[in-house]
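Report on one structure; see the data block that follows.
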Amino acid sequence: MTMFGLTIEKLFLVALIAAVIIGPRRLPEYAGRLGALVHRVTLTVGEAARRAEQEAGVASIRQEWTAVDPRRYDPRQIIREAWDAGEESDGSKAAEAPQPEPEGRWIVAGSSGHPRRVWKPAEAEARVRGADLLD
């Protein structure tokens, strides 16, 4: 990690030299001053960021973007609402004519480890039976 070209080792060496030069009597005082300085800088930077957000209107932009955040949407809920809205606009389900079931049957194909169901229409079976009768 480098910060202004300083590595951790160099920072440790500077701190060690400063501790030797300052001495054990004044070291707690200077450490307290350094802590207070860091605290003041943190508060000042936070206040500047807050003022910049207010003046630039970033807060209102952030609220607008939060309203369209894709993480807020649940696809299942959207589909459920659209399905319900479609049923309401179509009217009652009793008015719909029932769809005729296609004739045929499901056949299980594949291995026992990976079975798959295949739909075999009735007319395909009739053609196969007719071809068998011709033979």
Side-chain angles (χ1 to χ4, degrees):
M1 177 177 123
T2 61
M3 181 172 44
F4 304 114
L6 296 176
T7 61
I8 295 292
E9 295 85 16
K10 289 180 184 177
L11 289 174
F12 181 72
L13 184 63
V14 168
L16 184 66
I17 292 172
V20 170
I21 292 174
I22 292 174
R25 291 188 196 147
R26 293 183 291 171
L27 188 60
E29 176 188 342
Y30 283 108
R33 286 184 184 180
L34 179 64
L37 175 68
V38 169
H39 182 70
R40 280 188 303 226
V41 167
T42 303
L43 291 178
T44 304
V45 167
E47 178 64 25
R50 188 186 61 76
R51 275 196 350 221
E53 274 187 18
Q54 285 179 344
E55 292 176 7
V58 174
S60 62
I61 293 171
R62 184 176 290 143
Q63 288 174 351
E64 291 173 7
W65 278 103
T66 305
V68 293
D69 186 9
R71 294 173 290 188
R72 294 184 53 210
Y73 295 105
D74 180 19
R76 295 170 296 206
Q77 181 67 27
I78 293 170
I79 292 170
R80 197 175 302 122
E81 289 172 359
W83 188 270
D84 292 341
E87 287 179 0
E88 291 171 4
S89 65
D90 290 345
S92 66
K93 283 199 161 220
E96 294 179 14
Q99 296 291 328
E101 293 276 336
E103 294 184 20
R105 63 187 177 118
W106 287 101
I107 299 173
V108 179
S111 67
S112 62
H114 299 285
R116 65 177 191 267
R117 292 177 51 188
V118 179
W119 177 256
K120 190 165 186 179
E123 60 265 3
E125 287 184 19
R127 279 184 274 162
V128 170
R129 283 191 206 126
D132 290 339
L133 295 176
L134 293 176
D135 289 336

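W119 places a side-chain heavy atom less than 4.5 Å from the side chain of P121. Taking the side chain as every heavy atom from C-beta outward, D84 and R80 approach each other to under 4.5 Å.
Rounded to the nearest 0.5 angstrom, H39 NE2 and L43 CG are separated by 4.0 Å. How far CD of E55 is from CZ of R50: 9.5 Å, rounded to the nearest 0.5 Å.
Residues L34 and I21 do not share a hydrophobic cluster, clusters being chains of Ile/Leu/Val/Met/Phe/Trp/Tyr side chains in contact below 4.5 Å. Under a hydrophobic-cluster definition in which Ile, Leu, Val, Met, Phe, Trp and Tyr are linked whenever side-chain heavy atoms come within less than 4.5 Å, directly or via other members, L37 and V45 are assigned to the same cluster.
When all heavy atoms are compared, the tightest approach of L27 to I22 is N-CG2, 3.7 Å. Of all heavy-atom pairs between P115 and V108, the closest is CB-CG1, 4.1 Å. Considering all non-hydrogen atoms of both residues, P28 and P24 come closest at CD-O, 3.5 Å.
E103 CD: 12 or fewer foreign heavy atoms inside a 6.0 Å radius.
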Exercise for review: List the steps and the verdict of side chain to side chain donor-acceptor pair (under 3.5 Å) for R51 and Q54.
Suggested key: CA-CA 5 Å; R51 275 196 350 221; Q54 285 179 344; over 6 Å; no

Exercise for review: Determine, step by step, whether R33 and E29 satisfy the salt bridge (Lys or Arg N to Asp or Glu O under 4.0 Å) criterion, reporting the C-alpha distance in whole Å, the side-chain angles of both residues, the deciding distance to 0.1 Å, and the verdict.
Suggested key: CA-CA 6 Å; R33 286 184 184 180; E29 176 188 342; 2.8 Å; yes

